[in-house]
Amino acid sequence: MRALITNDDGIDSPGLHVLAAAALACGLDVVVAAPVSQASGTSASVAALGDSGRVVSTRRDVPGLDVEAYAVAAHPGLISLIACRGGFGGKPDVVLSGINLGANVGRAILHSGTVGAALTAHLSDVPSLAVSLDVGLDGPEPLWDKAGEVVRVVLPFLLDLPGAPVLSLNVPNVVDVQGLRWAELARFGAVQSRVDDVGDGEVELVHVYAEESLVPGTDTALLADGYATLTALRSVGRDVSSERALPAWPA
């Protein structure tokens, strides 16, 4: 089976390399295609960098791994889309996105480029996994290998699921992970953005820790208790819950 490995932290991220190594350890044929530079917060954007409209990629080496790898001038959502349309050597059987520096939890995952790449794969009926390591704003050194260890447990499970599931995996940045749990999405996330007005028509977004209480069973609460969390996500689809009889028009 062929796996596309991408992320939103860029081609040089150690988390990307650990994810590729985990996929190889699970027996997958790996191709790496990741943004040439930081692309966090790009959601499922299919924008390319530059004005030409063409997506430029260059071959790169991944330290310690004998894999095909590309640095791509595009956001991870577009990289996932291109791969699922046959780019980078052919349509993958699975898309793996991450390992992100920082948790992707709560409904704020809407903004994540890591999660956006996984959701984009679902549109092409390709199963996907977004992986994030819960390193806080001022946290200790990332335990990348611990996240890779959990990926090696979850990946065979993902590949055994029917259809084209999208799973989001968050791993606590601790040596002794308590276990693996399904998790609800928290109302927002562990980190929120505060808008500061700095005058002269400018505002500044400042990232701060959320002050809301942790709700049992949510991804934020379980991570805080030392558990790795899995959340099954639904990609774009019709929501019939708000549909009512429409006004008569034209009269």
Side-chain angles (χ1 to χ4, degrees), residues 1-13 15-20 22-24 26 28-50 53-60 62 67-102 104 108-132 147 151 154-155 158-159 161 163-170 230-237:
M1 297 187 72
R2 182 176 176 85
L4 171 76
I5 313 296
T6 192
N7 72 350
D8 70 3
D9 290 325
I11 188 70
D12 295 316
S13 169
L16 179 79
H17 307 162
V18 170
L19 183 57
L24 287 170
C26 290
L28 299 182
D29 179 25
V30 166
V31 59
V32 174
V36 68
S37 58
Q38 175 68 242
S40 295
T42 56
S43 189
S45 166
V46 291
L49 307 181
R54 297 182 178 182
V55 178
V56 178
S57 64
T58 56
R59 291 295 296 265
R60 293 285 292 270
V62 176
V67 296
E68 185 179 347
Y70 301 89
V72 189
H75 293 159
L78 180 55
I79 293 172
S80 179
L81 178 64
I82 291 172
C84 291
R85 291 292 188 270
F88 308 116
K91 183 177 181 179
D93 298 293
V94 62
V95 168
L96 307 177
S97 184
I99 299 168
N100 191 70
L101 181 64
N104 277 303
I109 62 171
L110 170 69
H111 308 297
S112 166
T114 300
V115 176
L119 291 173
T120 300
H122 177 81
L123 300 181
S124 297
D125 298 319
V126 176
S128 58
L129 175 69
V131 188
S132 306
V151 169
V154 171
L155 186 49
L158 167 70
L159 297 176
L161 293 174
V166 183
L167 299 184
S168 177
L169 169 66
N170 283 279
L230 266 181
T231 303
L233 304 177
R234 191 190 306 273
S235 191
V236 177

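Numbers here simply count residues along the sequence, with the first being 1.
- Judged by the 6.0 Å and 45° rule, Arg59 forms a cation-pi pair with Tyr70.
- You'll find the side chain of Asp12 reaches within 4.5 Å of the side chain of Arg60, heavy atoms only.
- To the nearest 0.5 angstrom, Leu167 atom CG is 7.5 Å from Leu233 atom CG.
- Within the 4.5 Å cutoff, the side chain of Val55 has heavy atoms near those of the Val72 side chain.
- From Leu169, atom CG reaches atom CG of Asn104 across 11.0 Å, with rounding to the nearest 0.5 Å.
- With a 4.5 Å cut-off on side-chain heavy atoms, Pro35 and Pro76 count as touching.
- Side chain of Ser43 to main chain of Leu110: a donor-acceptor pair is present (N/O by atom type, distance under 3.5 Å, no hydrogens or angles).
- Considering every non-hydrogen atom in both Val36 and Ala73, the closest pair reads CG1-CA, 4.1 Å.
- Here the straight-line distance linking atom CD of Glu68 with atom CG of Leu4 works out to 10.5 Å at 0.5 Å rounding.
- Here the closest heavy-atom approach between residue Ser132 and residue Gly102 is recorded as CB-O, 3.3 Å.
- Going from atom CG of Leu101 over to atom CD of Gln38 covers 8.5 Å, rounded to the nearest 0.5 Å.
- Once rounded to the nearest 0.5 Å, the distance linking CD1 of Ile5 with CG of Leu19 reads 4.5 Å.
- Counting heavy atoms from C-beta outward, Leu28 and Leu155 have side chains that approach closer than 4.5 Å.
- The nearest pair of heavy atoms linking Arg85 to Ser124 is NH1-OG, 2.6 Å.
- The closest donor-acceptor contact from the side chain of His122 to the backbone of Ser128 lies at 3.5 Å or more, if one exists at all.
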Practice task
For Leu159 and Val94, run side chain to side chain contact (heavy atoms under 4.5 Å, CB included): C-alpha distance rounded to whole Å, both residues' side-chain angles, the deciding distance at 0.1 Å, then the answer.
Solution key: CA-CA 8 Å; Leu159 297 176; Val94 62; 3.9 Å; yes

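- For the atom pair CD1 (Ile11) and OG (Ser37), the distance works out to 11.0 Å, reported to the nearest 0.5 Å.
- Between Leu123 and Ser235 there is a side-chain heavy-atom pair separated by less than 4.5 Å.
- Within a 6.0 Å sphere centred on CZ of Arg234, heavy atoms belonging to other residues, nucleotides or ligands number 12 at most.
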Practice task
Give the intermediate values and the outcome of side-chain hydrogen bond (donor to acceptor under 3.5 Å, both in side chains) for residues Thr42 and His75.
Solution key: CA-CA 7 Å; Thr42 56; His75 293 159; 4.6 Å; no

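- Between Asn100 and Asp9 the shortest side-chain heavy-atom distance falls below 4.5 Å.
- Heavy atoms only, all atoms of each residue included: Leu158 and Pro165 are closest at CD1-CG, 3.8 Å.
- You'll find the side chain of Val131 stays beyond 4.5 Å of the side chain of Leu96, heavy atoms only.
- Taking 4.5 Å as the limit, every side-chain heavy atom of Leu161 sits out of range of all side-chain heavy atoms of Pro127.
- Using a 4.0 Å cut-off between charged nitrogen and carboxylate oxygen, Arg2 and Asp93 do not count as a salt-bridge pair.
- Annotation for Gly10 and Ala34: closest pair C-CB, 4.3 Å, computed over non-hydrogen atoms.
- Between Leu16 and Asn7, the shortest heavy-atom distance links the atoms CB-ND2, 3.6 Å.
- Applying side chain to side chain contact (heavy atoms under 4.5 Å, CB included) to Asp8 and the options Ser13, Ser97, Ser40 leaves one that passes, Ser40.
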